[in-house]
Amino acid sequence: MASWEFVVPATPEEAIRAVQSTPGGEAVALAGGTDLLFDLGEGRVAPRSVVSLRKLPWRTLEWRDGALSIGSTLPLRKLETDPELAVRLPALAEAVRAVGGVALRHRATLGGNLGRAAPSSDLLPALLALEAEVELIGASGSRTVPIDQFLRASRQTALHPGELIRSVRIPETRSSAYLWQRVRPANDISQVAVAVAYSRGHQRWRVALGGVPPRAVLVPEAEQALGGSRPSSEAIRVSAERLSAHPALVSDRRATEEYRRHLVGVLLLRAIDRAVREGHEVHP
Ligand SMILES: Cc1cc2nc3c(=O)[nH]c(=O)nc-3n(C[C@H](O)[C@H](O)[C@H](O)COP(=O)(O)OP(=O)(O)OC[C@H]3O[C@@H](n4cnc5c(N)ncnc54)[C@H](O)[C@@H]3O)c2cc1C
């Protein structure tokens, strides 16, 4: 039977020292444990030590300078119950509510969702559309990586050995939405998901596709078709057509390619409609 050392550092410095890889084997970070404990139990990971992040001062949530900064170990339920989230970042609020059930969200964290980088993640497409930045911290200091560069492939990220995710920063984007389709609404994996956001700073839409292998992706050709903050019906039609043509939309046990291609067009149309209405309430 596999065994590992369990470490509970009290400070970020201690945590960074503890996660440094050593010749004796790897160390893994443990946040809410909703993914990692399964992997340990199934023997999919066999680390030398498991480093709990629960004592670190990273359970933070702060609105500042037109952006939301979320500490990596904040449970998703705390994020979900923030009174401003649904108004200032609707796409993120919808994505957080899509993750498992309430009990799971009391444990699961944003850092764990990023660390796992699963193709089925609900948070990653929303973070892509919202232009999130991920703050990483390691022995040589901290660095900030745009989410699109942080995600590499299925379960692969830009994290270097010995680094931890400290926080995520997301600019306020009221004109945004996240929509998904599942066989069962709760505790299931999305067959496909679409996130959209209009950045007033850059005056452009971002469109992200989720629930597809190998990772959630931005779809620039669908973004370009949309144009300004209030796309015409024709612009949305062209954007939906381009999104439906994305090569990541393939058949697997959850849905056929044909169904997925149809679905993303419908989801995009609804998501843009919702995002324009959310933004319109603030910028009539
Ligand atoms: C029943 C069930 C239903 C689920 N439904 C959904 C769903 O609908 N949508 C969805 O997106 N996900 C779902 N998940 C997946 C899971 O709950 C999320 O991915 C969750 O956000 C993981 O967070 P955690 O804190 O539990 O991570 P953990 O399990 O603690 O860690 C996950 C990975 O991230 C790494 N990690 C954690 N924190 C850090 C950090 N700060 N720095 C560096 N690496 C770190 C760990 O080493 C590990 O590799 C579900 C899981 C279960 C068990």
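Atoms within each ligand, like the ligands themselves, are counted from 1 in listed order.
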Report summary line: The closest protein heavy-atom partner of atom 3 (C) of ligand 1 is N187 OD1, 4.0 Å
Query raised in the report: Do any N or O atoms from the side chain of E133 and from the backbone of R169 form a donor-acceptor pair under 3.5 angstrom?
Result: no
Query raised in the report: Among R116, R155, R107, which one satisfies salt bridge (Lys or Arg N to Asp or Glu O under 4.0 Å) with D35?
Result: R116
Report task. Would you indicate which of V99, V134, V51, T157 comes nearest to atom 13 (C) of ligand 1 when only heavy atoms are counted? Result -> V99
Query raised in the report: Residues in side chain to side chain contact (heavy atoms under 4.5 Å, CB included) with A108, at least two apart?
Result: T34, L76, L104
Query raised in the report: Which option, D35, L124, I137, L37, owns the non-hydrogen atom nearest atom 15 (C) of ligand 1?
Result: D35
Requested in this report: Run the salt-bridge test on E80 and R77 with the 4.0 Å N-O cut-off and return the result as yes or no.
Outcome: yes
Report summary line: In this structure, atom 28 (P) of ligand 1 is nearest to the protein heavy atom G33 N, 3.5 Å
Query raised in the report: Nearest protein heavy-atom contact for atom 35 (C) of ligand 1: which residue, which atom, what distance?
Result: G115 CA, 3.9 Å
Query raised in the report: Are R88 and E172 close enough for a salt bridge, meaning some N to O gap below 4.0 Å?
Result: yes
Report summary line: Contact region, F38 to ligand 1, non-hydrogen atoms below 4.0 Å, reads side chain
Report summary line: Here the pair of heavy atoms bringing W4 nearest to V50 is CD1-CG2, 3.1 Å
Query raised in the report: Is the shortest heavy-atom distance from the side chain of K78 to the side chain of L61 under 4.5 Å?
Result: no
Report task. Considering only NZ, NE, NH1 and NH2 on the basic side and carboxylate oxygens on the acidic side, decide whether R261 and E257 come within less than 4.0 Å. Result -> yes
Report task. Heavy-atom distances under 4.0 Å are what count here, so tell me which part of L104 touches ligand 1: side chain, backbone, both or neither. Result -> side chain
Query raised in the report: Relative to ligand 1, is L110 under 4.0 angstrom through side chain, backbone, both or neither, heavy atoms considered?
Result: neither
Requested in this report: Before accepting this row, confirm whether a basic side-chain N of the pair R48/E26 lies closer than 4.0 Å to the acidic partner's carboxylate O.
Outcome: no
Requested in this report: Taking all non-hydrogen atoms of both residues into account, name the closest pair between L128 and I147 and its distance.
Outcome: CA-CG2, 3.8 Å
Requested in this report: Show which atoms of ligand 1 fall inside a sub-4.0 Å distance from at least one heavy-atom site of A31.
Outcome: 25 (O), 30 (O), 37 (C), 38 (N)
Report summary line: Closest to atom 8 (O) of ligand 1 (heavy atoms only, candidates P75, G32, G100) is G100
Query - ligand 1 to A98 polar contact by distance, N or O atoms, under 3.5 Å - result: yes
Report task. Kindly identify the option in V28, L56, L114, D122 whose heavy atom sits closest to atom 7 (C) of ligand 1. Result -> D122
Report task. May I ask which of T34, I165, N113 has a heavy atom nearer to atom 42 (N) of ligand 1 than the others do? Result -> I165
Query raised in the report: Should L53 be counted as touching ligand 1, given the test is an N or O pair under 3.5 Å?
Result: no
Report summary line: Between V196 and A275, the two heavy atoms sitting closest are CG2-CB, 3.9 Å
Report task. Please identify which atoms of ligand 1 are closer than 4.0 Å to at least one heavy atom of R116. Result -> 33 (C), 34 (O)
Report task. Among all protein heavy atoms, pick the one closest to atom 37 (C) of ligand 1 and tell me residue, atom and distance. Result -> G112 CA, 3.5 Å
Query raised in the report: Any idea which of V50, T109, L164 brings a heavy atom closest to atom 25 (O) of ligand 1?
Result: T109
**Report entry** For ligand 1, the portion of A118 having any non-hydrogen atom under 4.0 Å away
**Finding:** neither
**Report entry** ligand 1 contact on R182 by region, counting heavy-atom pairs under 4.0 Å
**Finding:** side chain
Report summary line: Here the atoms of ligand 1 under 4.0 Å from any heavy atom belonging to L159 are 43 (C)
Report summary line: the protein heavy atom lying closest to atom 29 (O) of ligand 1 turns out to be L36 N, 2.7 Å
Query raised in the report: At under 4.0 Å between heavy atoms, which part of I189 makes contact with ligand 1: side chain, backbone, both or neither?
Result: neither
Query raised in the report: Pairs in or reaching into residues 242-266: which pass ring-ring contact (aromatic ring centres under 6.0 Å, His included), with residues at least two apart or in two chains?
Result: none
Query raised in the report: Could R206 and D148 be called an ion pair, given the rule that one side-chain N must be under 4.0 Å from one carboxylate O?
Result: no
Query - Proximal atoms of ligand 1 relative to S72 (non-hydrogen, under 4.0 Å) - result: 41 (N)
Report summary line: Nearest heavy-atom approach of L89 to P171 is CD2-O, 3.4 Å
Query raised in the report: What protein heavy atom sits nearest atom 47 (O) of ligand 1, and how far off is it?
Result: A29 O, 2.6 Å
